Amino acid sequence: MTLRDELLKPIWHAFTALDVDKSGKVSKSQLKVLSHNLCTVLKIPHDPVALEEHFKDDDEGPVSNQGYMPYLNKFILDKATDNFDRQDFHKMCWTLSSRKNLEQNHIFISNDDAFKIWCIFNFLSEDRYPLIIVTEEIEYLLRKLTDAMGGSWVEERFEDYKLKLNSKRQCLLVWELISLVGSGHFSKGMDHQTLSMGINEVYQELILDVLKQGYMMKKGHKRKNWTERWFVLKPGYISYYTSEDLAEKKGDILLDGSCSVEPLQDKDGKKCLFLIKSSQKSFEISASERKKKQEWIQAIQTCVNLLRQGRPAPHHYSRQKRRELRLKQQAEQEELELRMSELQTANEAKQLELENMRKVGEKHTSSLMADQRKDDASLMDFFLFLKDKNTVVFFSILTLLLCNPLFNRFEDIAKNVMVKNSQRLTQLLVLTVFFFIDFRPSVVTEVSHYEKGPPTLRNPFILST
C-alpha cells in the first residue's frame, strides 16, 4: 500500500462523516477545517487561500468528494512525506468519523479498542470506495485475534457466521466490523481485559509494524553489565526501552541484509543467550527461557531474510499475496462467466437455427400433405365419376371384352402399364375404359382379322410394346 492510499482511507471516513445528510457533499467551511487539521497532523504548511482559490468559480453550495479530490491531491497528498506521527493522523480522522457512527452502548469494548479495530479495518479493506472488508480478511483478523487471546479457533462457528453473511453480502463496513468484534461472539469465554489485550497485540503488529516485543537482558558495551530492557522488533530495526510504556528509549539495533543472529552457549551465569551482529556492532541478549530465545532468533532472522530479498514485512507481504490471489480468482471467474455467456449465446443461436429448420420442415410437410390431399381428391372425383355412370352397362361391356379373343393381348398391355400390384384393379378399369373407347367402332370387324395381328391402340395412355 502506498502512502497516498494509506492516507486516503482515513480521510474518506472523515469526509463521509461530515456529509451529514448523505448527499455526497460537504460545505466549504467544514472542508476548510478538515484541510487545516490534515495539514497540521501531516506537518504540511497550510495555505488558507488555496482552498478559496481552488473553488473561486463555484457557487457557495457544498462540495462533492470528486470536487474536493483535486485540492486534496495537489495541496495535501502530493506534499505529504513519511515524517509525521501516524497515530495522531489516525486519531484525528477517527474523532471526526466516530462521533457520527459509533454506537458505544451496543459494544463491549472501549473507545480506544474500537479505534484500533478501525485502523485494522483500513489496513485490511479493499482499495475501492465505499470501503469494505471481504470475508477472507474478516477470517484472517478473527484468527489472529483468537491466537493473541490464547484461544482456540472454532471453524464451525465462523462457517455459520459466513453463511449468514453471504446470505446478505460477502463483506462488512467498518462499523459493522467493530460491532462484530465488540459483541464478543468470537471471544466467548474471554473477559474484556483479555479481548482488549488481544486487540492491542494485533494492532501493534498490523498497524505499528511490531513483529515481536518483550523483556530481555542486554549486555552493556562499556561496563559489560546486564540490564533488563523492553525490546521492540520492527521490519528494519530493534528498539529497546527502559520499560514497556516506551517512555524512555535507550537505543536501536539497525538491521540490514548483512546482519546475522546466532545462539550462544550459557556463560557468566546467564542462560538462553544469542548474539545479534549488525553492521555497526554486536549485541549479546539473554532471554528468559529457551522458547522465547528461539522465537526471537527466528523473528530476527525472518526480518533479515526479508531485507535481503527486498520484501515488505510478513503481514504486508501476506496481505499482498491474498489480494493477488483474489484478483486472480476474480479474473478467472469473469473469464468463466464470459465463456459461459458465449456458450449460451451459441446454444441459443443453434436452437434458433433448429427451430427455423423445424418450421421449414413443417411447411414442406404441410405442402406435401396438401398435394396428397389434392391427389386423393382427384382420385375420389374419378371414382365418383365412374360411380355416377351406368354401372350395369359398364360391367356388361367389361364382360364382353373379357370373353373376346383380344383379352390376352389386353392383359399383356395391362401388365406393361402396371407399376404396383395394389394398382391392378384401378389400372384395369382405366385400361378397360380406354380399350372400349378405342375399339368400339371396329370391335366386330377387327375380330375376323385377329390372325393378322392385334389392332393398334390410338390412346396415348397405353404404352406401345
Side-chain angles (χ1 to χ4, degrees), residues 82-88 112 116 144-145 147-150 193-194 196-318:
D82 211 12
N83 65 341
F84 64 96
D85 190 322
R86 280 174 165 74
Q87 191 162 6
D88 289 344
D112 186 57
K116 292 173 181 177
K144 292 195 73 68
L145 187 57
D147 292 341
M149 294 186 297
Q193 183 179 1
T194 303
S196 179
M197 292 176 63
I199 293 173
N200 183 65
E201 182 174 330
V202 177
Y203 171 79
Q204 291 275 339
E205 177 184 351
L206 300 184
I207 306 305
L208 301 183
D209 290 335
V210 176
L211 304 180
K212 193 168 182 59
Q213 56 186 342
Y215 281 108
M216 292 188 295
M217 303 293 292
K218 185 184 84 68
K219 186 177 181 179
H221 289 91
K222 294 181 179 180
R223 292 185 292 176
K224 307 298 182 182
N225 61 328
W226 291 86
T227 309
E228 186 179 56
R229 297 295 185 218
W230 177 261
F231 286 82
V232 178
L233 172 63
K234 292 192 174 184
Y237 57 92
I238 303 174
S239 299
Y240 50 95
Y241 304 81
T242 56
S243 62
E244 59 185 292
D245 60 8
L246 310 182
E248 184 181 355
K249 186 176 182 179
K250 301 300 292 184
D252 293 315
I253 304 175
L254 299 181
L255 301 177
D256 54 31
S258 63
C259 292
S260 64
V261 55
E262 58 188 41
L264 295 176
Q265 297 294 328
D266 297 344
K267 63 179 181 178
D268 300 334
K270 297 297 179 183
K271 298 181 179 181
C272 306
L273 297 174
F274 62 92
L275 179 68
I276 302 174
K277 293 182 179 181
S278 69
S279 56
Q280 299 175 343
K281 59 180 71 173
S282 299
F283 299 83
E284 291 186 32
I285 310 295
S286 173
S288 59
E289 57 183 72
R290 291 184 181 275
K291 180 181 178 182
K292 290 187 179 297
K293 168 188 172 180
Q294 189 61 35
E295 289 175 352
W296 272 100
I297 291 176
Q298 184 176 357
I300 295 171
Q301 188 62 55
T302 299
C303 286
V304 173
N305 292 337
L306 291 175
L307 290 171
R308 289 172 181 171
Q309 299 170 10
R311 285 163 47 182
H315 53 284
H316 287 274
Y317 182 73
S318 62

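Hydrogens, waters and symmetry mates are skipped; everything else that's a heavy atom, side chains included, is used. Owing to the predicted nature of the structure, the values given are computational and were not obtained by experimental measurement.
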Under 3.5 Å, sequence neighbours excluded: what are the donor-acceptor pairs made by side chains of residues 311-318?
{"unit_1": "Arg311", "atom_1": "NH1", "unit_2": "Gln309", "atom_2": "OE1", "d": "2.6"}
{"unit_1": "His315", "atom_1": "NE2", "unit_2": "Glu205", "atom_2": "O", "d": "3.1"}
{"unit_1": "His315", "atom_1": "NE2", "unit_2": "Asp209", "atom_2": "OD1", "d": "2.8"}
{"unit_1": "His316", "atom_1": "NE2", "unit_2": "Asp209", "atom_2": "OD1", "d": "3.1"}
{"unit_1": "Ser318", "atom_1": "OG", "unit_2": "Pro314", "atom_2": "O", "d": "3.1"}
{"unit_1": "Ser318", "atom_1": "OG", "unit_2": "His315", "atom_2": "O", "d": "3.1"}
{"unit_1": "Ser318", "atom_1": "OG", "unit_2": "Arg322", "atom_2": "NH1", "d": "3.4"}

Heavy-atom side-chain proximity of [X] to [Y] below 4.5 angstrom:
{"X": "Lys271", "Y": "Lys293", "value": "no"}
{"X": "Val232", "Y": "Gln213", "value": "yes"}
{"X": "Ile276", "Y": "Ile253", "value": "yes"}

- Task: Return yes if a side-chain donor-acceptor contact under 3.5 Å exists between Asn200 and Lys116, otherwise no.
- Result: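 Short answer, yes.
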[X] atom [atom1], over 12 foreign heavy atoms within 6.0 Å:
{"X": "Met217", "atom1": "CE", "answer": "yes"}
{"X": "Gln193", "atom1": "CD", "answer": "no"}
{"X": "Arg290", "atom1": "CZ", "answer": "no"}

- Query: Can you tell me how far CG of Leu255 sits from CG of Leu306, rounded to the nearest 0.5 angstrom?
  - Reply: 11.0 Å
- What's the spacing between Ile285 CD1 and Lys218 NZ if we round to 0.5 Å?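 Going from the CD1 atom of Ile285 to the NZ atom of Lys218 covers 6.5 Å.
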- Residue pairs passing the ring pair (Phe, Tyr, Trp, His ring centres under 6.0 Å) test where at least one lies in residues 283-311, sequence neighbours excluded: His221-Phe283
- Task: Could you name each residue pair satisfying ring pair (Phe, Tyr, Trp, His ring centres under 6.0 Å) that touches residues 253-281, not counting sequence neighbours?
- Result: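 For residues 253-281, and leaving out neighbouring residues, there are no ring pair (Phe, Tyr, Trp, His ring centres under 6.0 Å) pairs at all.
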Where do [X] and [Y] come nearest, in terms of heavy atoms and distance?
{"X": "Leu275", "Y": "Ser282", "answer": "CD1-CB, 3.8 Å"}
{"X": "Leu273", "Y": "Ser286", "answer": "CD2-CB, 3.4 Å"}
{"X": "Leu307", "Y": "Gly257", "answer": "CB-N, 4.3 Å"}
{"X": "Ala148", "Y": "Val202", "answer": "CB-CG2, 4.2 Å"}

- Message: Run the side-chain contact (heavy atoms from CB on, under 4.5 Å) test on Asp268 and Lys219 for me, step by step, so that the C-alpha distance in whole Å, both residues' side-chain angles and the decisive distance to 0.1 Å come before the verdict.
- Response: CA-CA 11 Å; Asp268 300 334; Lys219 186 177 181 179; 4.0 Å; yes
- Do any pairs count as a salt bridge (Lys or Arg N to Asp or Glu O under 4.0 Å) and have a residue in residues 295-306, sequence neighbours left out, and if so which ones?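 Counting only pairs at least two positions apart or across chains, the salt bridge (Lys or Arg N to Asp or Glu O under 4.0 Å) contacts touching residues 295-306 are Lys212-Glu295.
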- What salt bridge (Lys or Arg N to Asp or Glu O under 4.0 Å) pairs are there with at least one residue in residues 222-234, not counting sequence neighbours?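 Not a single pair qualifies under salt bridge (Lys or Arg N to Asp or Glu O under 4.0 Å).
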With sequence neighbours excluded, tell me which residues meet salt bridge (Lys or Arg N to Asp or Glu O under 4.0 Å) with [X].
{"X": "Asp82", "result": "Arg86"}
{"X": "Lys270", "result": "none"}
{"X": "Lys267", "result": "Glu284"}

- Message: If we ignore hydrogens and angles and just use 3.5 Å, is the side chain of Asp256 paired with the main-chain N or O of Ser279 as donor and acceptor?
- Response: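 A pair under 3.5 Å: no.
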Exercise answer: donor-acceptor pairs, residues 236-245 side-chain atoms, under 3.5 Å, sequence neighbours excluded:
{"unit_1": "Ser239", "atom_1": "OG", "unit_2": "Asp252", "atom_2": "OD1", "d": "2.5"}
{"unit_1": "Ser243", "atom_1": "OG", "unit_2": "Asp245", "atom_2": "OD1", "d": "2.5"}
{"unit_1": "Ser243", "atom_1": "OG", "unit_2": "Asp245", "atom_2": "OD2", "d": "3.4"}
{"unit_1": "Asp245", "atom_1": "OD1", "unit_2": "Ala247", "atom_2": "N", "d": "3.0"}

- Query: Of all residues at least two apart in sequence or in a different chain, which pass the ring-ring contact (aromatic ring centres under 6.0 Å, His included) check with Tyr215?
  - Reply: Trp230
Side-chain polar contacts of residues 297-305 - donor-acceptor pairs under 3.5 angstrom, sequence neighbours left out - could you list them?
{"unit_1": "Gln301", "atom_1": "NE2", "unit_2": "Asn305", "atom_2": "OD1", "d": "3.1"}
{"unit_1": "Thr302", "atom_1": "OG1", "unit_2": "Gln298", "atom_2": "O", "d": "2.8"}
{"unit_1": "Asn305", "atom_1": "ND2", "unit_2": "Gln301", "atom_2": "O", "d": "3.2"}

- Could you list the residues that satisfy side-chain contact (heavy atoms from CB on, under 4.5 Å) with Asn83, not counting sequence neighbours?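 For Asn83, the residues satisfying side-chain contact (heavy atoms from CB on, under 4.5 Å) (neighbours in sequence not counted) are Thr81.
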